[in-house]
Amino acid sequence: MKNTLFLFLGFVVFVSLSSCRISKKKKQKYIAGLYQEIKDSFPTTELILYDDSIKMIFPDDIVFEIGSAKIKTTFFDRLLRLSRVINKYKKVNILINGHTDNTGEDQVNKQLSTLRAESAKQILVQSRVYPKRIFVWGFGARMPRDANDTEQGKARNRRVEFVLLYPKEHT
C-alpha cells in the first residue's frame with residue numbers, strides 16, 4: 001500500500017513537472033513569435049526579450065511636449081500599428097510605463113507620467129485592444145533614458161515604454 005502511494009505521488013510530481021516544462025516552452029514560443037512580429041513591424045524600436053515578456057522602447061522620436069500628455073501625431077501611427085500586432089496575441093497583457101523629464105516638481109511629474117501612459121492606453125483601446133489587458137504606471141522623472149541637462153536629452157525622457165507580458169494564468 002505504501003509503495004503504491006509513493007509510486008502514485010511520484011507519478012503526480014513527474015506529470016506536474018513535465019506539464020510545467022511543456023507550458024514554459026509553449027510560453028517561450030508564443031513570446032518568441034510576438035517578438036519576431038514586433039521586430040519586423042518596428043525595425044528601429046529597441047526590444048528587450050525576457051523569459052515571459054518583451055520591453056519596447058521606441059526610438060528618439062519626441063512623443064510629448066514639455067508638460068503635456070497629448071501624443072504627437074508622429075507617434076500615433078506607431079500606436080495603431082502596435083495595436084494591430086497586440087490584437088493578434090490575445091494572451092499578452094500590456095504594461096505602459098510613462099516617463100517625464102526633470103522639468104517641474106516630482107509630484108507633478110509623477111501625475112503627468114501616469115497621464116502619458118493613460119493617453120497611450122486610450123489609443124490602444126480605441127484600436128480595439130481590450131482595456132482589461134492594459135495596465136499603466138507613471139514613473140515621473142525617476143528613470144531617465146538620457147541626461148536632463150540638454151533639450152535633446154529631456155525630449156528623449158518624455159516617453160512611454162511598453163512591456164508585453166505573458167500572464168501567469170496562461171501557463
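Computed from a prediction, not measured in an experiment: that's the story for all the values here. Scope of the values below: all heavy atoms of this structure, side chains included, with no hydrogens, waters or symmetry mates.
Under the side-chain contact (heavy atoms from CB on, under 4.5 Å) rule, I38 has a single partner from T45, L49, V85, which is V85.
Within the 4.5 Å cutoff, side-chain heavy atoms of I94 are placed close to those of V129. With a 4.5 Å cut-off on side-chain heavy atoms, W137 and L95 count as touching. Two residues are said to be in side-chain contact when any heavy atoms from C-beta on lie closer than 4.5 Å; K154 and N102 meet this criterion. A heavy-atom distance below 4.5 Å is found between the side chains of V163 and N97.
Here E118 pairs with nothing under the salt bridge (charged side-chain N to carboxylate O under 4.0 Å, His left out) rule; sequence neighbours left out. With sequence neighbours left out, E46 forms a side chain to side chain donor-acceptor pair (under 3.5 Å) with R145. T44 is linked by a side-chain contact (heavy atoms from CB on, under 4.5 Å) to P59, R78, counting only residues two or more places apart in sequence or in another chain. With sequence neighbours excluded, the residues satisfying salt bridge (charged side-chain N to carboxylate O under 4.0 Å, His left out) with R159 are E161. Qualifying side-chain contact (heavy atoms from CB on, under 4.5 Å) partners for L80, counting only residues two or more places apart in sequence or in other chains: F76, R84, I123, S127. N148 is linked by a side chain to side chain donor-acceptor pair (under 3.5 Å) to N157, counting only residues two or more places apart in sequence or in another chain. In terms of the side-chain contact (heavy atoms from CB on, under 4.5 Å) criterion, residue partners of D40 (sequence neighbours excluded) are, by chain and number, Q36. For the side-chain contact (heavy atoms from CB on, under 4.5 Å) test, residues two or more places apart in sequence or in another chain that qualify with A69 are L112, L115, R116, S119.
A salt bridge (Lys or Arg N to Asp or Glu O under 4.0 Å) check over residues 121-139, counting only residues at least two apart or in different chains, returns nothing. For the salt bridge (Lys or Arg N to Asp or Glu O under 4.0 Å) condition, the pairs that include at least one residue of residues 93-108, sequence neighbours left out, are D101-R158. Residue pairs satisfying the ring pair (Phe, Tyr, Trp, His ring centres under 6.0 Å) criterion with at least one member in residues 84-121, sequence neighbours excluded, are listed as follows: Y30-Y89, H99-F139. Applying the ring pair (Phe, Tyr, Trp, His ring centres under 6.0 Å) definition to pairs two or more places apart or across chains, those involving residues 31-57 are F42-F58.
Linking Ile, Leu, Val, Met, Phe, Trp and Tyr whenever their side-chain heavy atoms come within less than 4.5 Å leaves V136 and M143 in two separate clusters.
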side-chain contact (heavy atoms from CB on, under 4.5 Å) assessment of F162 paired with I57: CA-CA 7 Å; F162 298 84; I57 304 170; over 6 Å; no

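With rounding to the nearest 0.5 Å, the separation of CD1 in I54 from CG in L34 is 4.0 Å. Rounded to the nearest 0.5 angstrom, K39 NZ and S41 OG are separated by 12.5 Å.
Between I71 and F75 the shortest heavy-atom distance is CG2-CD2, 3.7 Å.
There is a side-chain donor-acceptor pair under 3.5 Å between Q28 and D51.
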